[in-house]
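Structure first, commentary second.
First the proteins, then the strands, lettered A, B, ... as listed; each starts at 1.
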Amino acid sequence: MAEYNPKEIEAKWQQYWQDNALFRTPAKPDPKKKKYVLVEFPYPSGDGLHVGHAKIYTATDVAARYHRMRGYDVLHPMGWDAFGLPAENSAIKFGVHPAELTERNTTKFKEQMLSLGLSYDWEREINTTDPDYYKWTQWIFLQLFKRGLAYEDTIPINWCPSCKTGLANEEVIDGHCARCGHVVEQKPMRQWMLKITAYADQLLAGLDDLDWPTFIKDIQRNWIGRSEGINITYDIVDSTDTVTCFTTRPDTNFGATFVVVAPEHNLATQVAADNKEVAAYIDQASRKTERQRQEEDRIKTGVFTGRYAINQLTGKKMPIWVSDFVIGHFGTGAVVGVPGHDLRDFEFAQTFDLPIIRVVVGPDGDTTSVTRPEQVQEKTGAMMNSDFLDGLPIDEATTRMMDHMETEGYGERVTTYSLRDWVFSRQRYWGEPIPLIHCQECGIVPVPEAELPVTLPEVTSYEPTGTGESPLAGISDWVNVSCPTCDGAAKRETNTMPQWAGSSWYWIRFTDHDNTKALADPKKIKQWLPVDIYVGGAEHAVLHLLYGRFWNMVLHDIGAVNTAEPFTKRHIVGLVLGEDGQKMSKSRGNVVNPDDEIAKYGADTVRIFASFMGPFEGSAAWTTAGITGSERFMKRLWRLFMEMPQDEAALTADLNLAVQQTIKRVTESMEHFRFNTAVSSLMELLNTFEKDKAVAPSALQTFALLLSPLAPHLAEEAWQSLGNDTSVTLQPWPEADAEVLAGAQVTIPVQINGKVRGTLTTDSGQDEAAVVEEAKGLENVTRHLEGKEIVKTIYVPDKLLNLVVK
RNA sequence: GCCGAGGUGGUGAAACGGUAAACACGCUACGUUCAGAACGUAGUGCUCUUACGGGCUUGCGGGUUCAACUCCCGCCCUCGGCACCA
């Protein structure tokens, strides 16, 4: 028999699968047995696949293959999220059209995916840069616009001077651009915004029922940042004006001694008109970036406006200050200072020598005045110096005070969020054009749906202007159009959509990828959605996963999709590190190319190693030693299937038990996305078989079935050599024989006072007395029982015997 | 500071409250070989013992239990997210 030659058999079976369209999606899935198994589609970069891709695609593919064998109708598609800056930047550098680069890269990606033996239904391939696709991305935008969920606004936004475009909040990490790492500036610009905040509550509530890792849900909850509080309106002395402050802690309001507004607040602007000092402070603050404010180590600065607000509870005058520690866009942009019970307020009061009043008793009954930061009591305690609240715990006091303020008419309960609307326009070429027209007469007019898609014009230069204008603004034939409403002179919107647009609905398109009349046929949407298993990275917790949920909810509200939540279950992949245990990067030179690995070891070995290297969610290094071990396993399997003498008589009761147990374990591992333990169970079975001179063909059949999702090429070859003439991937998944499992002998540890003193092997289902008798006969047990009295016997049937002695 | 996830051999890791370290890597010895590679056999948490066997061991300290990696309380450390969010 020939040596294990993965190159040969893998090419052969990949061709076979393609020729027989084995992974074509069933046209009419059984509604009770459908599985939509999806992995995040890639951005087809010029670098080709990374071994990290190999890990995540293999895992998802194993799940898809497993569920097919379990009898599910599976949708397992693939496509390309191809709009974005890297293609555009390469286009600028090499003078090639981004579409051409995309074409080149997707071809390469697809070849690599095929060579890994991934079971995608390629007939449903999609590409976000295809006008037939982005027509519908634009259509969704128009629905958002019509519902008032897309609006134009001129606000200071995050601007990356290196990418020369505006960014969404979610794309800024620690003050830097998520893509290029450059420091982000604040720049006021005309923007298209999506009103994701309108869905804040639904985005929050929907998380409860999702089968997602808790940490991802928590990141989203945190990002949405709901807080319930009250807006308190204070009168301003000698003025008809008022100032409204948001707080979650009105219980401490007897201790309020000042008010602070953000530099952007109207009141500040108003005062600045005839107060040079305030004007200078505002000007200075506006020139600081968020980063600079952080670097100042949170030292409190500020300026007094000369005005006073009245605290209704005490009748005291509270000076109104302006300070940049107050955030303009959170709450009302104004806070009421309670320096005894908020550390920031305390620091501010100390800096500017403002009065501090204690209204909550400190630990150990401390009622002295608050003079040190350690005394600032923020969380628990009973009220004091607070009239009708005295003695109440703070949570109860909060409710009472809210009721009081609402009754008195100067308070209004409100809910605020840290989530902000989505800055949706980019000043770059390679993205979906926003399908709107600016008409001098009619204002902003949507492009009629019949005229979609608005395709990207051919340009000679993709170079971003850097002025905040899109490069499309320079293409006059494209920009100048007649207004769809009045037919007068009008101009197209020249901003494009962000990278995230096309991926915010792509899972819907896979259900009916070439529909020309709708996003997808509602019947097909209903057949397949929601996505049952969605696999991807943790880095999208507040980007793609939040945007995607938002769009899906909007589409649900307009009746375009059947469920509000798009992704029922989510698996998060861990990082694949370089051989040195560091993150793979070109600059470190530790990048492993999956092509090289496949060429060297074969796709099955790569798949087995990717599965076996550790838990799916964990990060682990791609090491030569590790993959060599997986290669050894494949070679041993080859010898088992192809060289070991076969004889059905070799299947003893013990071996049959081992086979049945393996079925059970591998099945459980597959259900829980634990491919490392699936592989180790198969290794154990292989070890068992190798101890014999011959192996039973029926056991090999089962083995090939269990192996098939993980190492499909070798499994096909083995299946064929066992005399089968259909593909192993079409076979039903084996079921463990419950009778064999139940009837087996069991090995029970015998403990004395919780320490194992021996083991005994016996038939399962024995009663306690018999097991105790048998245990007493064990030599080592006898010795430990000598001169002792058994005071208690704990017997867990078929599991363990513990004798408690004195 | 706030929210979350983790901490088990030299390494990647297993383990419904029930024999901790399965499986694999690495290492040691032996076999095979002219030699190497590959392969095979045995061993491999620490420790006492010639042996039989015993003691200790899942970040640290307590607790619940016949029994704790697993549950509870308090610390320490690592990683991820948020952060002058009122």
Side-chain angles (χ1 to χ4, degrees), chain A residues 173-174 213-223 225-227 229 245-250 252 260 262 290 293-294 296-300 323-327 329-338 341-345 347-348 378-379 416-419 538-539 541-542 572 577 581 608-609 612-615 617-621 623-630 632-633 635-636 639 665 668 674 676-687 690 747-759 779-780 783-784 791-796 798-805:
Chain A
I173 295 163
D174 209 13
T214 47
F215 85 98
I216 296 290
K217 295 207 266 186
D218 284 330
I219 289 172
Q220 286 209 356
R221 288 195 183 104
N222 217 318
W223 187 258
R226 181 187 160 107
S227 63
C245 301
F246 173 74
T247 181
T248 55
R249 292 293 307 280
T252 58
V260 192
E290 302 231 344
R293 289 195 193 180
Q294 275 171 29
E296 282 167 1
D297 216 18
R298 301 182 178 180
I299 288 169
K300 299 289 180 289
S323 173
D324 64 5
F325 88 84
V326 177
I327 313 252
H329 56 74
F330 186 79
T332 58
V335 299
V336 53
V338 183
H341 305 286
D342 181 286
L343 212 48
R344 295 154 305 184
D345 295 350
E347 285 166 3
F348 194 76
E378 292 188 313
K379 280 191 190 143
T416 59
Y417 302 89
S418 34
L419 180 70
E539 68 279 15
V542 290
I572 298 289
L577 305 170
I608 289 287
F609 181 55
F612 185 62
M613 61 195 295
E617 316 73 41
S619 57
T623 59
T624 309
I627 196 161
T628 307
S630 297
R632 218 175 278 169
F633 175 57
K635 286 181 173 167
R636 284 167 60 202
R639 275 178 252 134
R665 288 190 198 137
E668 281 168 4
R674 290 199 297 247
N676 54 331
T677 52
V679 175
S680 69
S681 299
L682 292 174
M683 285 174 169
E684 283 181 80
L685 189 60
L686 171 63
N687 289 344
E690 279 182 342
T747 298
I748 299 172
V750 180
Q751 300 183 334
I752 291 166
N753 287 349
K755 290 202 194 304
V756 181
R757 298 301 178 186
T759 57
E779 195 194 323
N780 202 32
R783 188 141 41 91
H784 281 92
V791 293
K792 194 170 181 183
T793 304
I794 288 124
Y795 178 59
V796 185
D798 298 345
K799 288 279 183 192
L800 162 138
L801 178 67
N802 188 12
L803 303 172
V804 184
V805 302

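- As rounded to whole Å, 14 Å separates atom C1' of B:G12 from atom CD of A:E617.
- Between the CZ atom in A:R632 and the CZ atom in A:R636 there is a gap of 9.0 Å [rounded to 0.5 Å].
- Among the nucleotides B:C84, B:C82, B:G4, the one closest to the side chain of A:K300 is B:C84.
- Counting non-hydrogen atoms under 4.0 angstrom, A:S681 reaches nothing in the nucleic acid.
- Rounded to an integer number of Å, the gap from CG of A:N676 to C1' of B:G12 is 10 Å.
- Under the Watson-Crick or G-U wobble criterion, with both distances below 3.5 Å, B:C46 is paired with B:G55.
- Here B:U64 sits opposite no nucleotide as a Watson-Crick or G-U wobble pair (both hydrogen-bonding atom distances under 3.5 Å).
- If you check B:A20 for Watson-Crick or wobble pairing at under 3.5 angstrom, you find it has no partner at all.
- Between the C1' atoms of B:G9 and B:A22, the separation comes to 13 Å (whole Å).
- Listed by chain and number, the residues in a side-chain contact (heavy atoms from CB on, under 4.5 Å) with A:T332 are A:N231, A:T244, A:F246, A:A334 (sequence neighbours excluded).
- Glycosidic conformation of B:G26 is anti; the angle lies outside 90° of 0.
- With a 3.5 Å ceiling on both atom-pair distances, the Watson-Crick or G-U wobble partner of B:C30 is B:G40.
- With B:C39, B:C3, B:A86 as the candidates, the nucleotide lying closest to the side chain of A:N222 is B:C3.
- Both A:D342 and A:P749 lie near RNA chain B, and the one whose nearest nucleotide falls closer to the 5' end is A:P749.
- The side chain of A:N687 lies closest to B:A24 when the candidates are B:C39, B:A22, B:A24.
- The side chain of A:V796 approaches B:G18 more closely than any other nucleotide in the set B:G18, B:G40, B:G80.
- Side-chain proximity of A:R632 to B:A24, B:C39, B:U19: nearest is B:C39.
- Checked by atom type and distance alone, the side chain of A:D342 never pairs as donor or acceptor with a backbone atom of A:G337 at under 3.5 Å.
- Here, B:C73 and B:C3 have their P atoms 15 Å apart, quoted to the whole Å.
- A donor-acceptor distance shorter than 3.5 angstrom exists from the side chain of A:Q220 to the backbone of A:A541, with no hydrogens or angles considered.
- Distance CD1 (A:I572) to P (B:G81): 13 Å, rounded to an integer number of Å.
- Comparing A:E690 and A:T416 along RNA chain B, the residue whose closest nucleotide (by nearest heavy atom) sits nearer the 5' end is A:E690.
- Here B:G12 is the nucleotide among B:G12, B:A22, B:G26 with the atom lying nearest to any side-chain atom of A:F612.
- Across the protein-nucleic acid pair, A:E668 atom CD and B:C23 atom P stand 18 Å apart, rounded to whole Å.
- The distance from atom CZ of A:F325 to atom P of B:C84 is 12 Å, rounded to the nearest whole Å.
- When distances run from any side-chain atom of A:E684 to the nucleotides B:G18, B:A13, B:A22, the shortest one goes to B:A22.
- With C1' as the reference atom, B:C76 and B:C60 are 7 Å apart, rounded to whole Å.
- For the C1' atoms, the distance linking B:G6 with B:G54 amounts to 35 Å, nearest Å.
- In this structure, A:F330 atom CZ and B:C82 atom P are separated by 16 Å, rounded to whole Å.
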Polar pairs (N or O, both sides) under 3.5 Å between protein and nucleotides 65-70 of chain B?
from, atom 1, to, atom 2, distance (Å)
B:C66, O2', A:N802, ND2, 3.4
B:C66, O2, A:N802, ND2, 2.7

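- You'll find that the side chain of A:I327 is closest to B:A86, out of B:A86, B:A24, B:A14.
- Nucleotides B:U41 and B:C46 are separated by 26 Å at their C1' atoms, to the nearest Å.
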statement: For nucleotides 49-55 of chain B, 5' to 3', base contacts (B), sugar-phosphate-only contacts (S) and non-contacts (-) with protein non-hydrogen atoms under 4.0 Å give ----SSS

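- Minimum atom distance to the side chain of A:A625 is reached by B:C25, of the listed B:C25, B:A15, B:A5.
- The separation of B:G61 from B:U44, taken at their C1' atoms, amounts to 32 Å, rounded to a whole angstrom.
- Rounded to the nearest Å, the gap between the C1' atom of B:A15 and that of B:U57 is 16 Å.
- In this structure, B:G6 and B:C77 make a Watson-Crick or G-U wobble pair, each of the two defining distances being under 3.5 angstrom.
- B:G59 and B:G7 have their P atoms separated by 8 Å, given to the nearest Å.
- Cation-pi geometry between A:K300 and A:F348 is not satisfied (NZ or CZ under 6.0 Å from the ring centre, within 45° of the ring normal).
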